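Note that the coordinates shown come from a computational prediction; the quantities given were computed from them, not determined experimentally.
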Amino acid sequence: KRAMLLARLASWTSEKSWVRPLEQWGNKSSIPKKKGERDLPLVSRSDLVHADPDDALRALVIYLLEIYEPPKFFRQTFWFSGDSLPVSSRNQRIAYRFSQAYIAIGAGKANVRNSLNAQGLTVTKKCASLISSDEIFQKYNDIHPLRLLRYAQVEALGGKEWLAQAVATSKLCDFFATDERFIAQDALKWLVTNAPDFEDNPGFASTALEFFNEMRRSDHLFSCSGRTVKKVAKAMEAYTASTISFDDVIDEPFLPNPRGLRPMLVRDASLDKVISVSVPYDDLRNGGHGPYKLGPGTGRLDSKNRVLRVEEILSLQRLIYEGLQLDNCLEDRQSSQIKYLTRARQRASSFWSFTLQAQDDDDHSSKNKSKPTHILLLEVWHLAGENIVRQAEGPRPRTLPSPEAWYYMIKWCEQNNVDWTTWDIYSRLDAIYPCDPL
């Protein structure tokens, strides 16, 4: 961690952002002190020689970046690594944003609220007051900066401690939301307002927050306003069933795609009229089916109790799980896993899971809910100025997308300005396997 802190100081700050010259550190007599400045620890060379290395590094950060003492909330920013080393790209980004706010506060260039808002977060006066007083830091005894912010946001809205704790377990404390203003002013406000209706089920809060974030990513006009707990619980069913967690497995999270491509949730995946869909290679010339009919009376996309979800795959284990569901090379071929992992790390590719799930309007019990059917894995390449489909595969042995998957793949691509015509089959096809209705 010491090497990490020094690397962050070198790359996340500049000499212009230092409030004191580095060459004078350790020379107490030559360090000027202005009125109102904080006292500095370990400013003499003799103190530094006998100091614990971690204490010396903390003193260096204070010397370089603090004229005024910031809230304890920010003090661990440069040390923050998350749960393990090496530090994930998500945690690096969390540490970076909060460190930039810390630099502005320590130098006296911005207050807590303005410094955090400048980093794309949404902090009200009351929330900033809770952070500034160190009340949140002391109450929850946590050093995770984004979790501490969520605690403060909930309490600033009038939420109780149990709700703040529930929100802190959500994935929205592992990464920044695409729209932080929506989270702070709409989603969290809805949770606080409706908390009495699910106080006996705190887990509902964290799942609902993740669901709201997914819906906002899907539709930038989505709002929680006017929705009852019952309606939200119903809408969450397909989302919850198709969301896979790997809490007990070592995993590597991915950053969301860099182009703003959105997920999609279609609560009624049926079609209201018959259409014809042709899947490449699945034609009469190759011994395949030829054009498929979809819609009313065809047995394909004619049932109104089907939910389609297009979810961005945001971790290595989730990508491997998708390979398991489709029985493809991602399931157990390490070379393929490394290849896709490299592209995800570089954000050169993003991966998308298409699922279909039946839902019974007359029976809301979880034990009678069917599992989602994984129908397509899509890889999108993010090239200079464009996004193109690189791979689109359905379950083996067919591998070719089903007509249902092909239809919704095109629909999703058109909504996100992704060129699907670049797709070609990369797996070997010994035969064109028939495709039963999904």
Output for pair (Ile410 CD1, Gln415 CD), nearest 0.5 Å, gives 12.5 Å
If a pair satisfies side-chain hydrogen bond (donor to acceptor under 3.5 Å, both in side chains) and one of its residues is in residues 116-125, list it, with sequence neighbours excluded.
-> none
Would you tabulate the side-chain donor-acceptor contacts of residues 168-176 under 3.5 Å, counting partners in other chains and residues two or more places apart, or write 'none'?
unit_1 : atom_1 : unit_2 : atom_2 : d
Thr169 : OG1    : Ala166 : O      : 2.6
Ser170 : OG     : Val167 : O      : 3.0
Ser170 : OG     : Leu172 : N      : 3.2

Return yes if some donor-acceptor pair links the side-chain N/O of Asp179 with the main-chain N/O of Phe182 below 3.5 Å, else return no.
-> yes
Lys/Arg N to Asp/Glu carboxylate O, Lys126 vs Glu155, below 4.0 Å = no
Candidate pair Asn257 and Val380, rule side-chain contact (heavy atoms from CB on, under 4.5 Å), full reasoning = CA-CA 9 Å; Asn257 73 88; Val380 176; over 6 Å; no
What pair of heavy atoms forms the shortest contact from Arg90 to Leu255, and how long is it?
-> CG-CD2, 3.9 Å
Looking at side-chain heavy atoms only, is the closest gap between Leu57 and Leu6 below 4.5 Å?
-> yes
Quick one: closest heavy-atom pair of Arg217 and Leu261, and the distance?
-> NH2-O, 3.6 Å
Do any N or O atoms from the side chain of Ser115 and from the backbone of Ala110 form a donor-acceptor pair under 3.5 angstrom?
-> no
Give a yes/no verdict on a cation-pi contact between Arg58 and Trp79, requiring under 6.0 Å between NZ or CZ and the six-membered ring centre and an angle within 45° of the axis.
-> yes
Can the ring centroids of Trp420 and Trp412 be said to lie less than 6.0 angstrom from one another?
-> no
OG-CZ distance between Ser315 and Phe351, expressed to the nearest 0.5 angstrom = 12.0 Å
Does a salt bridge link Glu237 with Lys234, judged by any charged N lying under 4.0 Å from a carboxylate O?
-> yes
Those residues at least two apart in sequence (or on a different chain) that pass side chain to side chain contact (heavy atoms under 4.5 Å, CB included) with Val61 are Leu5, Leu9, Leu65, Phe78, Tyr102
Counting only heavy atoms not in Lys411, do more than 12 sit closer than 6.0 Å to its NZ atom?
-> no
Beyond-backbone contact of Ile103 with Trp12, side-chain heavy atoms, under 4.5 angstrom | no
For Thr13 and Trp18, test the side chains for any donor-to-acceptor distance below 3.5 angstrom and give the result as yes or no.
-> yes
Does atom CD of Gln138 have more than 12 heavy-atom neighbours from other groups under 6.0 Å away?
-> yes
Closest approach of Pro71 and Val112, non-hydrogen atoms and distance?
-> CG-CG2, 3.9 Å
Evaluate the side-chain proximity of Pro403 to Leu301: yes if any heavy-atom separation is below 4.5 Å, no if none is.
-> no
Ring pair (Phe, Tyr, Trp, His ring centres under 6.0 Å) partner of Trp406, chosen from Trp423, Tyr281, Phe354 | Trp423
Between atom CD1 of Ile338 and atom CZ of Arg343, what is the distance when rounded to the nearest 0.5 Å?
-> 13.0 Å
Side-chain donor-acceptor contact under 3.5 Å, Arg309 with Thr355 = no
Is the closest side-chain heavy-atom distance between Ser88 and Phe254 below 4.5 Å?
-> no
Does Tyr96 offer a backbone N or O that forms a donor-acceptor pair with the side chain of Ser99 under 3.5 Å?
-> yes
Looking only at heavy atoms, the pair that brings Thr422 and Val389 closest together is OG1-O, 2.8 Å
The salt bridge (charged side-chain N to carboxylate O under 4.0 Å, His left out) partners of Arg147 (sequence neighbours excluded) come to Asp142
Looking at residues at least two apart in the chain, or sitting in another chain, which of them share a side chain to side chain contact (heavy atoms under 4.5 Å, CB included) with Ala235?
-> Phe211, Arg267
With Arg398, which residues qualify under salt bridge (charged side-chain N to carboxylate O under 4.0 Å, His left out), at least two apart?
-> Asp282
Distance-minimising heavy-atom pair for Ile62 and Arg20 = O-NH1, 3.6 Å
Look at Glu214 together with Arg262 and state whether they make a salt bridge at an N to O cut-off of under 4.0 Å.
-> no
4.5 Å side-chain heavy-atom contact, Leu22 and Leu60 = yes
Take atom CG of Asp268 as the centre, draw a 6.0 Å sphere, and report whether it contains more than 12 heavy atoms from other residues, nucleotides or ligands.
-> yes
Correct closest heavy-atom pair for Ile131 and Ala152 would be CG1-CB, 3.9 Å
Residues at least two apart in sequence or cross-chain that pass side chain to side chain contact (heavy atoms under 4.5 Å, CB included) with Ala208, listed by chain then number, are Leu191, Phe204, Phe212, Met236
With Arg216 as the cation and Phe222 as the aromatic partner, state whether NZ or CZ is under 6.0 Å from the six-membered ring centre and within 45° of the axis.
-> no
Do Leu378 and Met409 have side chains that get closer than 4.5 Å, going by heavy atoms?
-> yes
Is there side-chain contact between Met264 and Leu308, with at least one heavy-atom pair below 4.5 Å?
-> yes
Quick one: which residue pairs count as a ring-ring contact (aromatic ring centres under 6.0 Å, His included) with a foot in residues 141-161, not counting sequence neighbours?
-> Phe80-His144, Tyr140-Tyr151
Side-chain contact, heavy-atom cut-off 4.5 Å: Tyr239 with Glu210?
-> yes
Donor-acceptor contact present, side-chain Trp25 to main-chain Leu64, <3.5 Å | no
Taking salt bridge (charged side-chain N to carboxylate O under 4.0 Å, His left out) as the test, write out the residues that go with Glu252, two or more places apart.
-> Arg345
d(Trp190 CH2, Ser225 OG) to nearest 0.5 Å is 11.5 Å
Decide yes or no on side-chain contact (heavy atoms from CB on, under 4.5 Å) for Leu377 and Ile313, but give the supporting numbers first.
-> CA-CA 10 Å; Leu377 171 62; Ile313 295 174; 3.7 Å; yes
Side chain of Thr207, backbone of Gly203: donor and acceptor closer than 3.5 Å?
-> yes
Can any side-chain N or O of Asp52 pair as donor or acceptor with the backbone N or O of Asp54 at less than 3.5 Å?
-> yes
Residues Tyr63, Gln24; criterion side-chain contact (heavy atoms from CB on, under 4.5 Å); working and verdict = CA-CA 10 Å; Tyr63 174 83; Gln24 292 181 7; 3.4 Å; yes
Can you establish whether the number of heavy atoms outside Phe198 located under 6.0 Å from its atom CZ is more than 12?
-> yes
What residue pairs, at least two apart or across chains, pass ring-ring contact (aromatic ring centres under 6.0 Å, His included) with a residue in residues 371-390?
-> Tyr321-His374
Please list, chain by chain and in numerical order, all residues satisfying side chain to side chain contact (heavy atoms under 4.5 Å, CB included) with Ala118, sequence neighbours excluded.
-> none
Test salt bridge (charged side-chain N to carboxylate O under 4.0 Å, His left out) applied to Arg318 - qualifying residues, sequence neighbours left out = Glu311, Glu322
Cationic N near anionic O, under 4.0 Å, Glu180 to Arg150 | yes
